[in-house]
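When reading the values below, keep in mind they use all heavy atoms of this one structure, side chains included, and skip hydrogens, waters and symmetry mates.
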Amino acid sequence: LIPAAVLLPVPWLGRGLMIASVLIVLIVELLNSAIEAVVDRVSLENHRLAKRAKDIGSAAVLVSLLMVVAVWTCVRLDIAFVTETFPPEVNGVAMTVGRLVSGLRERGHRVSVVRPRQARTDLGGAHELALPGLPLPGYPGLRFGLPAGRQLARHWRQHRPDLVHVVTEGPLGWSAVSAARRLGIPVTSGFHTNFDRYSVHYGLGWLRPAVAAYLRTLHRRARATMVPTAALAADLAGEGITGVRVVGRGVDTALFDPA
C-alpha cells in the first residue's frame, strides 16, 4: 500500500533511502569483486580457502540486500489525507480511502484525515480534523468542503506531516494543495472521478471545459497523481499532467474468500 510514488516525493526521505541503498549494494559488490579477484589467483593447494572466501562474498551480498530491505521497511511516514468523503459515508471513493488509511495505519504509519463535517454534531474522530462544508447538490448525504487554507496552514505548522495526499479536487482539496506548497510540504493527489464529463449529466455541459481546466491545474501542482488504472494514467498524461502513478485496487482476502 506504500508505493514508491508516495515515498519519492519526500525529498529527504525518498532520495536519502535510494542513495543509502545504492551505496550499500555498491560497497558490498566491490568487496565481493575484490574477494573473487584474490580467489582467482589462489593455487589449487588452497582450494578450500578459496571456496570459503567465495562463500563469505556471497554471504556479504545477501546481508547487504537484507539491510536494504530493512531500511525500507522501517520507514514510518506521517501522512495527511485530505478528502471530501470518508466512512461511514458509502461510496466508491470513501471506501477506497478508508481501506487505504486503515492499511497504512496497520503498517505503523501515522495517518491523519482532513474532511468536511458529516453532521452538525460531527467533531471528528481521533487523528481527524473536521471542517465546515455544504451539502453536495444531488447527493443530500454528502458534503463538499469549503476553502480552509489558513486553518490547514496553522494546523500543519503545529503538526507538520511528511506528506499531504489530496484525494478529492473540491475547494478543500485546492486549498490543501496551496497550503502544503506554501509550507514546503510534498503534496500528491488522487484522480478518482471525471467530474468534467459528469457535468453533462447535471445539465451543465457548457461548464465542461472550465471544469477540465480546473482539474488539470490542480493535479499539475502536485508532485504525483495516483490513478487506479493504466488507461486513466494514459488519459491524464495526454492532458499534460506529469508524475501520474498507477495504484491499482486490491481485494481484501480477509473479507472475500473465493472458497
*Are Leu146 and Leu131 close enough that some pair of their side-chain heavy atoms sits under 4.5 Å apart?*
no
_Just to verify, what does Ser112 make a side-chain contact (heavy atoms from CB on, under 4.5 Å) with, not counting sequence neighbours?_
Ala80
*Using the test side-chain contact (heavy atoms from CB on, under 4.5 Å), find all partners of Thr229 that sit at least two apart in sequence or belong to another chain.*
Ala231, Leu232
*Could you walk me through whether Leu129 and Leu152 pass the side-chain contact (heavy atoms from CB on, under 4.5 Å) test, one step at a time?*
CA-CA 9 Å; Leu129 177 62; Leu152 292 174; 4.2 Å; yes
_Could you measure the distance from the CG atom of Leu172 to the CZ atom of Arg143? Nearest 0.5 Å is fine._
12.5 Å
*Side-chain donor or acceptor of Glu89 paired with backbone N/O of Phe86 under 3.5 Å*: yes
*asked:* I'd like to check Thr217 versus Trp174 (side-chain heavy atoms, cut-off strictly below 4.5 Å). Are they in contact?
replied: yes
*Between His165 and Phe81, what is the ring plane arrangement, given parallel below 30°, perpendicular above 60°, and tilted in between?*
perpendicular
_With a 4.5 Å cut-off on side-chain heavy atoms, are Glu84 and Pro171 touching?_
yes
*Nearest 0.5 Å please: distance from the OG1 atom of Thr225 over to the CD1 atom of Ile241.*
6.0 Å
*Can you measure from CG (Leu100) to CE (Met226) and round to the nearest 0.5 angstrom?*
9.5 Å
*Would Phe191 and Val244 satisfy side-chain contact (heavy atoms from CB on, under 4.5 Å), going step by step from the backbone distance to the final call?*
CA-CA 10 Å; Phe191 193 104; Val244 180; over 6 Å; no
*Kindly indicate whether the side chain of Arg110, heavy atoms from C-beta on, has any atom under 4.5 Å from the side chain of His127.*
no
*Separation between CD of Glu106 and CZ of Arg99, rounded to the nearest 0.5 Å*: 7.0 Å
*Atom CZ of Arg220 and atom OG of Ser189: how far apart are they, to the nearest 0.5 Å?*
12.0 Å
*Return yes if some donor-acceptor pair links the side-chain N/O of Arg105 with the main-chain N/O of Val111 below 3.5 Å, else return no.*
yes
_Heavy-atom side-chain proximity of Thr85 to Val97 below 4.5 angstrom_ = no
*Apply side chain to side chain donor-acceptor pair (under 3.5 Å) to Arg221 and Ser178, showing your working.*
CA-CA 9 Å; Arg221 300 176 71 205; Ser178 299; 3.1 Å; yes
*Does the side chain of Pro88 come within less than 4.5 Å of Gln118's, by heavy atoms?*
yes
*Looking at CD of Glu128 and CZ of Arg117, how far apart are the two atoms once the value is rounded to the nearest 0.5 Å?*
12.5 Å
*May I ask you to decide if Ile79's main-chain N or O and Asp162's side chain share a donor-acceptor pair within less than 3.5 Å?*
no
